[in-house]
S.K.: 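Pasting a structure below so you can have a look.
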Amino acid sequence: GAVVSQHPSRVICKSGTSVKIECRSLDFQATTMFWYRQFPKKSLMLMATSNEGSKATYEQGVEKDKFLINHASLTLSTLTVTSAHPEDSSFYICSARDSIGYTDTQYFGPGTRLTVL
Amino acid sequence: AQKVTQAQTEISVVEKEDVTLDCVYETRDTTYYLFWYKQPPSGELVFLIRRNSFDEQNEISGRYSWNFQKSTSSFNFTITASQVVDSAVYFCALPQEYDGQNFVFGPGTRLSVLP
């Protein structure tokens, strides 16, 4: 099946620093990738839709200057949490949509657990 | 607007019992896909099944089976002879109306299978 990798899997950083999370589709091309945030014992909350070669589309309430998304190639999207604060601590998950198969299936990365001290 | 409801927040069963996870959805699309994902304690979402709304045949994959009823907008998931490794949170999902890009997820059902 399709594989999506995410790096790093876990990161601890100091308040005020920036953290970059990478999401890669390893064996398929993904014109569209998604970034989710998940709080403990909650469902996934879509943060933004990342389209290759264009600006990301952010969901209401998500600060685009805080969560910078870049989708420079068909296999890589990055999420940068700028000037992180403790309230940004969360589990961030990316997914990549199988655009070639036209099946709408999203394949998810293993997630990144961010802890901001 | 679209909505996915998973009424069971948490379920506990003893190993080898059968368990059914409910999913009810709302959509204005006439054709659509439905999905189930499993999220074990490690956190990664694992794709389980994609179902086309055209096809109402029940699907079986090993100990897993799915019952899709378009008339009642339900897409229930049954695990037969459950095992401890089935313990996870299970999400039902539906692509957003009209453009089908992002998903609408249900709140998830946490399944605990006890030895």
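Reminder, nothing fancy here: chain letters follow the sequence lines and each chain counts from 1. Keep in mind that this is a model prediction, so the values were computed, not measured.
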S.K.: Where the side chain of A/S43 meets the backbone of B/G108, is there a donor-acceptor pair that is under 3.5 Å apart?
M.R.: no

S.K.: Under 4.5 Å between side-chain heavy atoms, hopping through other hydrophobics if needed: is there a path connecting B/W66 to B/Y33?
M.R.: no

S.K.: When you group the ILVMFWY residues by side-chain heavy-atom contacts below 4.5 Å and let the links chain together, are A/F91 and A/M47 in the same group?
M.R.: no

S.K.: Tell me, for A/K42 versus chain B, whether the close heavy atoms (under 4.5 Å) come from the side chain, the backbone, both or neither.
M.R.: backbone

S.K.: Measure the CZ-CG distance between B/F91 and A/L44 for me, rounded to the nearest 0.5 Å.
M.R.: 5.5 Å

S.K.: Hey, could you give me the CG/OG1 distance between B/N102 and A/T49, rounded to the nearest 0.5 Å?
M.R.: 5.0 Å

S.K.: Identify whether A/F34 and A/Y107 are in the same connected component of the hydrophobic contact network (ILVMFWY, side-chain heavy atoms under 4.5 Å).
M.R.: yes

S.K.: Check this for me: B/K16, atom NZ, are more than 12 non-hydrogen atoms of other residues, nucleotides or ligands nearer than 6.0 Å?
M.R.: no

S.K.: Where is the tightest heavy-atom contact between B/F103 and A/Q106, given as atom of each residue plus distance?
M.R.: CD1-NE2, 3.3 Å

S.K.: Heavy-atom cut-off 4.5 Å, strictly under: side chain, backbone, both or neither for A/Q38 against chain B?
M.R.: side chain

S.K.: What part of B/Y32 gets closer than 4.5 Å to chain A, counting heavy atoms only: side chain, backbone, both or neither?
M.R.: neither

S.K.: Mind ranking B/V104, B/L45, B/N52, B/V89 by heavy-atom pairs under 4.5 Å with chain A and telling me who comes out on top?
M.R.: B/L45

S.K.: Is the number of heavy atoms from other residues, nucleotides or ligands under 6.0 Å of A/K20 NZ greater than 12?
M.R.: no

S.K.: Between CD of B/Q96 and CG of A/L46, what distance do you get to the nearest 0.5 Å?
M.R.: 8.5 Å

S.K.: Please round to the nearest 0.5 Å and tell me the distance separating atom CZ of B/R110 and atom NZ of A/K41.
M.R.: 5.5 Å

S.K.: Hey, any chance A/L76 and A/F28 share a hydrophobic cluster, counting ILVMFWY side chains that come within less than 4.5 Å of each other, even indirectly?
M.R.: no

S.K.: According to a 4.5 Å side-chain heavy-atom criterion applied to Ile, Leu, Val, Met, Phe, Trp and Tyr, with indirect links allowed, do B/L21 and B/V46 form part of one hydrophobic cluster?
M.R.: no

S.K.: If I measure from the heavy atoms of chain A, does B/Q6 come under 4.5 Å with its side chain, its backbone, both, or neither?
M.R.: neither

